[in-house]
Visitor: 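Here it is: the structure, laid out below.
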Amino acid sequence: MADIRKKAAALRYDAKKDAAPKVVAKGSGKTAERILQIAKEHDVPIKDDPQLVEVLSTLDLYQEIPPELYRAVAEILAFVYRMTKKVQ
């Protein structure tokens, strides 16, 4: 049986301050579990997208996502807004 380690990445985006979302946490195994635990504790919606996590994991912490990821991340942000009912 293969040892599949869970991965997670967290993004932060402040439209007033940031040009693009930034990776503010990333990790695998226990670090990924902790990222997910903190998100749940703070009612942050979680979207399971292994392919996007793989790409986000290659970025440096606090690095803005590159333009090539704008569409994928926009879909995640739309999901979060729908889940938190913050669509205005």
Visitor: Linking I/L/V/M/F/W/Y whenever their side-chain heavy atoms sit closer than 4.5 Å, directly or via other members, would Val23 and Ile76 fall into one cluster?
Guide: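 Both belong to a single hydrophobic cluster.
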Visitor: Can you sort out the partners of Lys40 under side-chain contact (heavy atoms from CB on, under 4.5 Å), two or more places apart, ordered by chain and number?
Guide: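 Only Ile46 meet the side-chain contact (heavy atoms from CB on, under 4.5 Å) criterion with Lys40.
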Visitor: Could you pull out the closest heavy-atom pair between Pro21 and Tyr13, with the gap in Å?
Guide: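 Answer, listing the atom of Pro21 first, then Tyr13: N-CD1, 3.5 Å.
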Visitor: Yes or no on side chain to side chain contact (heavy atoms under 4.5 Å, CB included) for Val24 and Tyr62, after CA distance, side-chain angles and deciding distance?
Guide: CA-CA 5 Å; Val24 294; Tyr62 301 101; 3.8 Å; yes
Visitor: Return the minimal non-hydrogen interatomic distance between Phe79 and Pro45, and the atom names on each side.
Guide: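 Between these two residues, the closest heavy atoms are CE2-CB, 4.0 Å.
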Visitor: Show me the pairs that pass salt bridge (Lys or Arg N to Asp or Glu O under 4.0 Å) and involve residues 50-59, at least two apart or across chains.
Guide: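 Counting only pairs at least two positions apart or across chains, the salt bridge (Lys or Arg N to Asp or Glu O under 4.0 Å) contacts touching residues 50-59 are Lys7-Glu54.
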Visitor: Does any part of the side chain of Leu61, heavy atoms only, come nearer than 4.5 Å to the side chain of Lys26, both counted from C-beta?
Guide: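 With C-beta onward as the side chain, the pair touches.
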Visitor: Which heavy atom in Ala32 sits nearest to a heavy atom in Ala8, and how many Å separate them?
Guide: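 For Ala32 and Ala8, the tightest heavy-atom pair comes out as CB-N, 3.6 Å.
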Visitor: Report the C-alpha separation of Glu75 and Leu52 in whole Å, then their side-chain angles, then the decisive distance to 0.1 Å, and conclude whether the side chain to side chain contact (heavy atoms under 4.5 Å, CB included) test is met.
Guide: CA-CA 11 Å; Glu75 291 174 12; Leu52 182 57; over 6 Å; no
Visitor: Hey, are the side chains of Val55 and Glu68 touching, using non-hydrogen atoms and a 4.5 Å cut-off?
Guide: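 No; the side chains remain at least 4.5 Å from each other.
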Visitor: Taking a hydrophobic cluster as the set of Ile, Leu, Val, Met, Phe, Trp and Tyr residues connected by side-chain heavy atoms closer than 4.5 Å, whether directly or through intermediates, do Val53 and Ile35 fall within one such cluster?
Guide: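 No; Ile35 is not reachable from Val53 via cluster members.
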Visitor: Can you list everything that forms a side chain to side chain donor-acceptor pair (under 3.5 Å) with Glu41? Sequence neighbours excluded, please.
Guide: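 With sequence neighbours excluded, Glu41 shows a side chain to side chain donor-acceptor pair (under 3.5 Å) to Gln37, given in chain and number order.
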Visitor: In chain order, what residues pass the side-chain contact (heavy atoms from CB on, under 4.5 Å) check against Gln63, with sequence neighbours excluded?
Guide: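 Expected list: Leu59, Asp60.
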Visitor: Please report the interatomic distance CG(Asp48) to NZ(Lys6), rounded to the nearest 0.5 Å.
Guide: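 Asp48 atom CG to Lys6 atom NZ measures 6.5 Å (nearest 0.5 Å).
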Visitor: Show, in sequence, the C-alpha distance, side-chain angles and deciding distance for Val44 and Ile38, and conclude whether the side chain to side chain contact (heavy atoms under 4.5 Å, CB included) test is met.
Guide: CA-CA 8 Å; Val44 174; Ile38 291 169; over 6 Å; no
Visitor: How would you list all residue pairs meeting salt bridge (Lys or Arg N to Asp or Glu O under 4.0 Å) that involve residues 9-20, not counting sequence neighbours?
Guide: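 Sorted result for residues 9-20: Asp18-Lys22.
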Visitor: Which residues pass the side-chain contact (heavy atoms from CB on, under 4.5 Å) test with Ala74, not counting sequence neighbours?
Guide: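 Result, side-chain contact (heavy atoms from CB on, under 4.5 Å) vs Ala74: none returned.
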